[in-house]
Amino acid sequence: AGEMQAVHLEEMRRELRQRVESEVRKEVEREKQGLEAERQQLRAEVETLKEREGDLQRRFEEEWARMKSEFEARARRPRPPA
């Protein structure tokens, strides 16, 4: 009877271990999927920020060129005698 009980307990331990391992694997997989989704979202945000940065850089350079051109044009104009 004691041997049967020991075998039964060992079987119960094995089933419990398998169930716990299965649950842990599922949880790890869910976390991996969540992290992957977050990583993809962050990459999309980085791309958006890079595009905005490029647009701002282009606008800055255009405005700088316009201001420089205006300044140079003013500098070339003859000044009326005082």
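With hydrogens and angles left out, the side-chain atoms of E53 and Q57 include no donor and acceptor closer than 3.5 Å.
Checked against side-chain contact (heavy atoms from CB on, under 4.5 Å), V46 has the following partners two or more places apart in sequence or in another chain: K50.
R17 CZ to R13 CZ: the interatomic distance, rounded to the nearest 0.5 Å, is 8.5 Å. With rounding to the nearest 0.5 angstrom, the CZ atom of R43 is 13.0 Å from the CD atom of E38. For the atom pair E45 CD and E47 CD, the distance stands at 11.5 Å (nearest 0.5 Å).
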Take E62 and R59 through the test salt bridge (charged side-chain N to carboxylate O under 4.0 Å, His left out) and record every step on the way to the result. CA-CA 5 Å; E62 288 172 357; R59 287 173 46 201; over 6 Å; no
Set out, in order, the CA-CA distance, both residues' side-chain angles and the distance that settles salt bridge (charged side-chain N to carboxylate O under 4.0 Å, His left out) for E61 and R58, then state yes or no. CA-CA 5 Å; E61 289 171 4; R58 180 187 52 77; over 6 Å; no
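Hydrophobic cluster of V24: the remaining members, joined at side-chain heavy-atom separations below 4.5 Å, are L16, V20, V28, listed by chain and number.
The neighbour count for Q5 CD, taken as heavy atoms of other residues, nucleotides or ligands under 6.0 Å away, does not exceed 12.
By the 4.0 Å N-to-carboxylate-O rule, E23 lies too far from K26 to be salt-bridged with it.
Pairs engaging residues 69-82 under the side chain to side chain donor-acceptor pair (under 3.5 Å) rule: R66-E70 [sequence neighbours left out].
In this structure, the side chain of S22 does not engage the main chain of Q18 through any donor-acceptor pair within 3.5 Å.
K32 has its side chain out of reach of E36: every pair of non-hydrogen atoms, C-beta onward, lies at least 4.5 Å apart.
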